[in-house]
Trainee: 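I have a structure here, written as structure tokens, and I will follow up with some questions on it.
Quick caveat: nothing in here was measured; it's all calculated off a predicted structure.
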Amino acid sequence: MKRRFLIGKHKRNENRQSNIELLRIVLILMIIMLHYNNGAMGGALANIHNGTFPYYFVHFTESLSSVAVNVFILITGYFSYNKNKIFISKIARLVLLMIFWGLSLSLFTMLVLNPALFTIHNCLKMVKIAISQWFVIIYGILYLLIPYINTVIRVISKKNYQKLLIIAIFFFYIWPTFYTSTTSNDAGYGIVNFVCLYLIGAYIRKFQTAKIAKWKSFCVYVVLSGITMVFSLYFENAWNYNSIFVLGGAVALFEFFISLNIKYNPLINTLASFTFSVYLINVNGLFNKFLYQGLFRSNEYWQSPMIIFNSIIAMIGIYVICICLEFLRSILLDKKIFKPLTKKVKGTIEVQ
């Protein structure tokens, strides 16, 4: 399986274990749950009442799921730390997918699902969705930097690498968690967090000689998620991607999955190959509101204990819908449009 969270193709490598592929599936389900909770998407966080069951349930699921983006970048560092060459065509594919899903889903929502949404404002929003998904942009920048980052990783000693990580973790995670946002004022949504996560993932692959006991790692993840939940009841920055507790939870969950021994499973690997498109479909601001509040009626459960069942059904249902849509796109358009366009981008960045 060569297709990773962001980069790759619908090809399978039968020698590839499925533990990390299963992790990708778990992470995208977490992101769908985050969007269920998002006040502008599923709407839960903006509408639940303090002190109610839905209030604590949403804070619980948000705290468990807030590690997802960080873990995706840890995976990238873990698998890419020894590369000295990257292909611009892979970035081109990401951008093409972003534009395609941004335009097609927005138009479908405005013209078919809810024609009342067809306004100048939403047309402008459609363009923004199609060309400026924050994750695609920041990940694309990180991908372009990989050969240069890896040049440092290849020559740095373990001791100096540890010093580098200590400095980065103190100033870019501990400091903004407990003090001010002076050292990192983007809540972890920027390139600084992504580079730090890449370095941590690469360190684990290069220097960690023994796997940490899997249930120990899982327990650390649960405990740190619990701390994040408690903090979220009092502090607005609890779910920031540069929170030290979110970082620790991400590393612990990643360690848990790399310690698993799951042999190649074609279903897991195939489902994991759709992850990036599932994200792009689910994050579409016009379409996802229809999915969450129109199709799965999340708005009817904001004050109900049944939110636990509605959120799980919506998470799984939306995941299946997104996979079906991406499957149709790959069958109908990949060979005729996406692959030919991607092949025209020939550039590379190589650092010896």
Side-chain angles (χ1 to χ4, degrees), residues 4-7 15-17 19-21 23-24 27 67-86 138-139 141-179 183-184 188 190-224 227 240-262 349-352:
R4 303 282 174 82
F5 173 55
L6 285 176
I7 299 169
N15 295 318
R16 183 177 179 80
Q17 287 191 323
N19 55 330
I20 299 300
E21 306 311 308
L23 175 57
R24 296 180 206 277
L27 296 177
V67 302
V69 168
N70 284 3
V71 179
F72 274 126
I73 309 306
L74 291 173
I75 292 173
T76 301
Y78 188 82
F79 285 109
S80 303
Y81 82 99
N82 59 354
K83 292 181 179 179
N84 63 355
K85 182 179 182 180
I86 58 98
I138 302 303
Y139 191 95
I141 295 170
L142 174 67
Y143 182 74
L144 294 174
L145 292 175
I146 282 176
Y148 305 100
I149 298 172
N150 289 351
T151 299
V152 176
I153 292 173
R154 279 196 296 271
V155 300
I156 194 170
S157 67
K158 182 178 181 180
K159 185 175 181 180
N160 284 329
Y161 205 145
Q162 291 171 339
K163 290 178 180 178
L164 174 63
L165 291 182
I166 290 171
I167 292 170
I169 291 170
F170 178 78
F171 285 108
F172 300 129
Y173 297 92
I174 296 175
W175 188 293
T177 300
F178 296 107
Y179 191 38
T183 57
S184 180
I191 190 63
V192 171
N193 181 40
F194 278 37
V195 170
C196 290
L197 291 165
Y198 183 93
L199 289 170
I200 293 170
Y203 179 87
I204 292 171
R205 183 64 178 271
K206 184 175 182 179
F207 292 113
Q208 183 172 295
T209 55
K211 292 181 179 179
I212 299 174
K214 56 178 175 290
W215 295 114
K216 180 179 179 181
S217 300
F218 186 76
C219 287
V220 171
Y221 160 67
V222 172
V223 169
L224 290 175
I227 294 173
N240 287 358
Y241 295 150
N242 61 353
S243 162
I244 187 61
F245 302 116
V246 173
L247 172 67
V251 173
L253 184 63
F254 180 60
E255 291 278 8
F256 171 71
F257 272 89
I258 62 176
S259 68
L260 298 179
N261 183 22
I262 303 176
I349 296 178
E350 184 173 7
V351 179
Q352 298 294 343

Trainee: Taking C-beta and beyond as the side chain, do Ile212 and Val220 meet within less than 4.5 Å on heavy atoms?
Mentor: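 In short, these two side chains do not touch, never coming nearer than 4.5 Å.
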Trainee: Specify the closest pair of heavy atoms between Phe194 and Ile73, including all atoms of both residues, with the distance to one decimal.
Mentor: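 Residues Phe194 and Ile73, closest heavy atoms: O-CG2, 3.3 Å.
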Trainee: Please report the shortest heavy-atom distance between Ser184 and Pro176, naming the atom on each side.
Mentor: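 What the structure gives for the nearest pair is O-CB, 4.2 Å.
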Trainee: Is there side-chain contact between Phe178 and Ile244, with at least one heavy-atom pair below 4.5 Å?
Mentor: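 Yes, close enough: below the 4.5 Å cut-off.
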Trainee: Grab the two heavy atoms, one from Thr177 and one from Ser243, that are nearest each other, plus how far apart they are.
Mentor: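 Taking Thr177 first and Ser243 second, the nearest heavy atoms are OG1-CA, 3.3 Å.
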Trainee: Output side-chain donor-acceptor pairs under 3.5 Å for residues 248-260, partner residues at least two apart or in another chain, one line each.
Mentor:
residue	atom	partner	partner atom	Å
Glu255	OE1	Gln208	NE2	2.9
Glu255	OE2	Gln208	NE2	3.4
Ser259	OG	Glu255	O	3.4
Ser259	OG	Phe256	O	2.6

Trainee: With Asn160, which residues qualify under side chain to side chain contact (heavy atoms under 4.5 Å, CB included), at least two apart?
Mentor: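 Here the qualifying residues are Ile156, Ser157, Lys163.
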Trainee: In sequence, state the C-alpha distance, the side-chain angles, and the governing distance for Leu144 and Ile86, and then conclude on side chain to side chain contact (heavy atoms under 4.5 Å, CB included).
Mentor: CA-CA 7 Å; Leu144 294 174; Ile86 58 98; 4.1 Å; yes
Trainee: Within a strict 4.5 Å, meaning less than it, do heavy atoms of the Tyr139 and Thr76 side chains meet?
Mentor: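 Yes - at least one pair of side-chain heavy atoms lies under 4.5 Å apart.
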Trainee: Rounded to the nearest 0.5 Å, how far apart are CG of Leu164 and CD1 of Ile169?
Mentor: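 That separation rounds to 9.5 Å.
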Trainee: Any idea which heavy atoms bring Arg24 and Phe72 closest together, and the distance?
Mentor: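 Scanning both residues, the minimum pair turns out to be O-CZ, 3.9 Å.
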Trainee: Does the pair Tyr78 and Ile20 meet the rule for a side chain to side chain contact (heavy atoms under 4.5 Å, CB included), with working shown?
Mentor: CA-CA 11 Å; Tyr78 188 82; Ile20 299 300; 5.6 Å; no
Trainee: On a heavy-atom basis, which atom in Leu74 and which in Leu197 lie closest, and how many Å separate them?
Mentor: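 The pair with the smallest heavy-atom distance is CD2-O, 3.3 Å.
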Trainee: Side chains of Ile75 and Leu27: closer than 4.5 Å at any heavy-atom pair?
Mentor: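 In short, these two side chains touch, coming nearer than 4.5 Å.
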Trainee: Quick one: list whatever passes side chain to side chain contact (heavy atoms under 4.5 Å, CB included) with Phe170, sequence neighbours left out.
Mentor: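 Phe170: side chain to side chain contact (heavy atoms under 4.5 Å, CB included) contacts with Ile174, Trp175.
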Trainee: Taking side-chain hydrogen bond (donor to acceptor under 3.5 Å, both in side chains) as the test, write out the residues that go with Tyr203, two or more places apart.
Mentor: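 In terms of side-chain hydrogen bond (donor to acceptor under 3.5 Å, both in side chains), with neighbours along the sequence ignored, Tyr203 is linked to Gln162.
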Trainee: Determine whether Asn19 and Leu23 make a side-chain contact, defined as any pair of heavy atoms from C-beta on separated by less than 4.5 Å.
Mentor: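 Side-chain contact under 4.5 Å: no.
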Trainee: For Tyr161, does the OH atom have more than 12 heavy-atom neighbours from other residues, nucleotides or ligands under 6.0 Å away?
Mentor: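 Yes - once you tally the heavy atoms of other residues, nucleotides and ligands closer than 6.0 Å, there are more than 12.
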Trainee: Side chain to side chain contact (heavy atoms under 4.5 Å, CB included) between Asn242 and Leu247: does it pass, once the steps are laid out?
Mentor: CA-CA 7 Å; Asn242 61 353; Leu247 172 67; over 6 Å; no
Trainee: Throw together a table of side-chain donor-acceptor distances under 3.5 angstrom for residues 146-154, partners on residues two or more places apart or in other chains.
Mentor:
residue	atom	partner	partner atom	Å
Asn150	OD1	Tyr198	OH	2.7
Asn150	ND2	Ser80	O	2.7
Asn150	ND2	Tyr81	O	3.2
Asn150	ND2	Lys83	O	2.7
Asn150	ND2	Ile146	O	3.4
Asn150	ND2	Tyr198	OH	3.3
Thr151	OG1	Pro147	O	2.8
Thr151	OG1	Arg154	NH2	3.4

Trainee: Go through the structure and list residues passing side-chain hydrogen bond (donor to acceptor under 3.5 Å, both in side chains) with Asn70, not counting sequence neighbours.
Mentor: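 Testing Asn70 for side-chain hydrogen bond (donor to acceptor under 3.5 Å, both in side chains), a comparison that skips the adjacent residues, returns Asn193.
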